[in-house]
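What you see is a predicted model; the values in this text were computed from it and never measured.
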Amino acid sequence: MLHWLWVAIVGAIIGLVAGAITSRDVPFGWVGNILAGLIGAWLGQALFGTWGPQLAGMAIIPALIGAIILVLLVSWILGRRKS
């Protein structure tokens, strides 16, 4: 039970940092940050492997890169829908 809480906290931080780096807001606030962090971690580790420091079972650097890619992709798609 506590592992999932720790994963959610680390995912939220990764999503928050990715949003800050890209200067874009993730939709749905904290829930969006958690989802961006978790999905970004999965994406980053699938693309770049599990190198670097790990926290809560996530490789931090590939997870952050994956979250940045995800935030940029989501903001691009949402930006195109508004036009």
Note: with side-chain heavy atoms under 4.5 Å as the link, the other cluster members for I21 come out as L2, L5, W6, V7, I9, V10, I13, I14, V17, I34, L38, L55, M58, I60, L64, I68, L72
P62 and F48 have their tightest heavy-atom pair at CB-CB, 4.2 Å
Quick one: do W42 and L47 end up in the same hydrophobic cluster if we chain Ile, Leu, Val, Met, Phe, Trp and Tyr together by side-chain heavy atoms under 4.5 Å apart? yes
Value for CG (L73) from CD1 (I77), rounded to nearest 0.5 Å, stands at 4.0 Å
Distance col, row I39:CD1 vs I69:CD1, nearest 0.5 angstrom, shows 13.5 Å
Correct closest heavy-atom pair for P53 and I61 would be CD-CD1, 4.0 Å
Nearest heavy-atom approach of A36 to G15 is CB-CA, 4.4 Å
